[in-house]
2 protein chains.
Amino acid sequence: MATADDPTTTLGLLWDGPSRPRRGPRHHLTVDALVGAALEIAEQEGVDALSMRGLAARLGVGAATLYTYVPDKSALIALMVDTMIGEAPLPHTRPGDWRERVEAWARENLRAYREHPWLVRLMGAAQPVGPHAFAWTDSALRVFDGTGLTGHEALTVVEAVDGYTRGHVAKAVEADRAARWTTPDGRTWDTVQDAFLEAHAEPGRYPAIERLTGAPGTEEVFEAGLAWLLDGVAQGIRERAAG
Amino acid sequence: MATADDPTTTLGLLWDGPSRPRRGPRHHLTVDALVGAALEIAEQEGVDALSMRGLAARLGVGAATLYTYVPDKSALIALMVDTMIGEAPLPHTRPGDWRERVEAWARENLRAYREHPWLVRLMGAAQPVGPHAFAWTDSALRVFDGTGLTGHEALTVVEAVDGYTRGHVAKAVEADRAARWTTPDGRTWDTVQDAFLEAHAEPGRYPAIERLTGAPGTEEVFEAGLAWLLDGVAQGIRERAAG
DNA sequence: CGACTCATCGAACAGTGTACGGAGTTCTCG
DNA sequence: CGAGAACTCCGTACACTGTTCGATGAGTCG
């Protein structure tokens, strides 16, 4: 198989699927089987445990065999990501007006990312656009049909909301992991950190933080920010309709 | 030095600095020198090139020596991140009203992240809060002094804007990297991808995307989304002042 | 001066992604 | 129908990674 380092091969795999050669012995596995097993590993053991050797072992083949299905690990990851995107419901098929649909999709994405935290890390690297990602964006754009926004404006809104969601997801995933962490003797992350800060921040050094009576949860921040963002968008749509 | 895996040691390094032992030979290096050299490597060669062996070689010492300064690589990274945060201007010292200050800090953060793309990846992992991060948050909260918002509400705004910025940064960094990429024969990423999509997306499959006449740039999306978000916040502040 | 503590670092361990080359299988073409 | 091309499979190897161990010797305190 062609050596990559060049995402063209990966794009071909994403959009065309594997190319069946004319000569030579048959494959015993399929690319889908690789991706499925890789997703299982990521889901069960986390993304750090996803190695080519481990994946090969799970499938009962030698490590080098995988390279006849996939040019390299990054291509496998691109396939995993696009597969996950394919499981997201298409925004334009949801009920309600544009705002209800946007809220639903943003919450759904947040939920999906938090349920599959490994996705957040894998999406960090630049990804070639796969068919499912493309279809999702198309669907998201259609949510704004009838609002009077141009395609360009609709895409701006989609990207803004998506960016907002992704940023929160990164923070939420960190918070989730910290919440699950404990010292060997059972103290939580918050306990350790708070004790540390209390011992080290002399009074008056951080006046605004001292005045705080409690931090908002990630859910609360997400909902508030989403509401503000969509208030702004709604106002833009109203002004355009009036002008 | 104490084995970590437990961020308590890292927190100590962040807040107290290195602890000078009473007996034994002197250190030839300092933790600051490690962090400085690590920052240079990240800046010049990217985060993937940052290895303990490479760092040790740059400092002219053996790889194992580093572990007398720092419990492990993650602690080093925490120190790098907090150092970078320390270089950001404090929001409450900027001129203007709350909105101008927020806009300035959001743009500044976006710029800094794009200039140091490795930071985006390093911040992806959960980080213990360092003194500079703490000071920055305190300063950001003070921007809302006099707006009538409670500390809780101000923190919600800060986190929402920060989350928004981080999400965009991730996308912008990906876009920057893709923009810099070319095939051996000189074609750009966009050319390759567009050619591929044109060849593979039959007409009518992606109606909304077909209707597009051009995609908004990351800058344009960022500014539009920020304006919407702050419009929403401003309305919240007005309503609170009125009610 | 001993006793103790600690910095330094070569070597080793358990991993990683991936290239290579040989063995065996399947299809195509003369 | 048989020769050889094309291909899968995979043991082995390479160049890495972060980190631990143990030996050596430097520095300091009683």
Side-chain angles (χ1 to χ4, degrees), chain A residues 1-7 9-10 13 18-31 33-34 37-38 41-42 45-80 118 121-122 125, chain B residues 1-7 9-10 13 18-31 33-34 37-38 41-42 45-80 118 121-122 125:
Chain A
M1 185 133 284
T3 51
D5 175 34
D6 169 4
T9 326
T10 306
L13 215 44
S19 54
R20 179 97 170 60
R22 314 226 144 263
R23 268 181 271 262
R26 300 250 167 82
H27 267 139
H28 298 162
L29 266 35
T30 62
V31 173
L34 293 217
I41 293 175
E45 304 172 49
V47 69
D48 289 323
L50 177 62
S51 73
M52 297 302 265
R53 280 176 172 82
L55 176 59
R58 174 177 285 242
L59 292 165
V61 299
T65 301
L66 301 181
Y67 291 86
T68 61
Y69 294 85
V70 138
D72 58 16
K73 194 182 184 181
S74 74
L76 179 71
I77 289 175
L79 290 166
M80 290 169 71
W118 53 270
R121 290 220 352 231
L122 293 192
Chain B
M1 185 132 284
T3 51
D5 175 33
D6 169 2
T9 326
T10 305
L13 259 181
S19 54
R20 176 99 168 61
R22 314 227 143 260
R23 269 180 273 265
R26 300 246 168 84
H27 265 139
H28 299 162
L29 266 35
T30 63
V31 173
L34 294 216
I41 294 176
E45 304 172 48
V47 69
D48 288 323
L50 176 63
S51 72
M52 296 302 265
R53 279 177 173 82
L55 176 59
R58 174 177 284 242
L59 292 165
V61 299
T65 301
L66 301 181
Y67 291 87
T68 63
Y69 294 85
V70 138
D72 57 16
K73 194 183 185 182
S74 75
L76 179 70
I77 288 175
L79 290 166
M80 291 170 69
W118 52 271
R121 288 213 3 225
L122 294 191

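Below, read A as the first sequence line, B as the second, and so on, with proteins coming before strands; counting in each chain starts at 1. Bear in mind the structure is a predicted one, so any value in this text is a computation, not a measurement.
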Could you check whether B:L50 gets within reach of a base, just the sugar-phosphate, or nothing at all, counting any heavy atom under 4.0 Å?
sugar-phosphate

Quick one: label B:T65 by what it contacts on the DNA or RNA (base, sugar-phosphate, nothing), any heavy atom closer than 4.0 Å.
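Answer is base: heavy atoms of B:T65 come under 4.0 Å of a base.
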
For B:V61, give me all partners under side chain to side chain contact (heavy atoms under 4.5 Å, CB included), at least two apart in sequence or on another chain.
B:L29, B:A56, B:L59, B:T65, B:L66

Could you state the [atom1]-[atom2] distance from [X] to [N], rounded to the nearest angstrom?
X: A:L59; N: D:dC10; atom1: CG; atom2: C1'; value: 14 Å
X: B:K73; N: C:dG15; atom1: NZ; atom2: P; value: 19 Å
X: A:I41; N: C:dG17; atom1: CD1; atom2: P; value: 10 Å
X: B:M52; N: C:dC9; atom1: CE; atom2: C1'; value: 14 Å
X: B:L55; N: D:dT19; atom1: CG; atom2: P; value: 12 Å
X: A:H27; N: C:dC27; atom1: NE2; atom2: P; value: 14 Å

Between [options], which nucleotide gets closest to the side-chain atoms of [X]?
X: A:Y67; options: C:dG17, C:dG10, D:dT8; result: C:dG17
X: B:D72; options: C:dC9, C:dG17, D:dT19; result: D:dT19
X: A:Y69; options: D:dC21, D:dG18, D:dC9; result: D:dC9

Kindly indicate whether the side chain of A:R53 and the base of C:dG15 share any N or O donor-acceptor pair separated by less than 3.5 Å?
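By the distance-only test, no, there is no pair.
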
If a protein heavy atom is under 4.0 Å from the base, mark B; if only from the sugar-phosphate, S; if neither, -; do that for nucleotides 22-30 of chain D going 5' to 3'.
---BBSSS-

Just verifying a value: how many Å separate [X] [atom1] and [Y] [atom2], rounded to the nearest 0.5 Å?
X: A:D48; Y: A:I41; atom1: CG; atom2: CD1; answer: 12.5 Å
X: A:M80; Y: A:I77; atom1: CE; atom2: CD1; answer: 6.5 Å
X: A:T9; Y: A:D72; atom1: OG1; atom2: CG; answer: 8.0 Å
X: B:T30; Y: B:Y69; atom1: OG1; atom2: OH; answer: 7.5 Å

Give every residue pair that meets the salt bridge (Lys or Arg N to Asp or Glu O under 4.0 Å) criterion with at least one member in residues 18-28 of chain A, sequence neighbours excluded.
none

Would you say that A:L79 contacts A:L34 through its side chain, given a criterion of any heavy-atom pair below 4.5 Å between the two side chains?
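A side-chain contact under 4.5 Å is absent here.
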
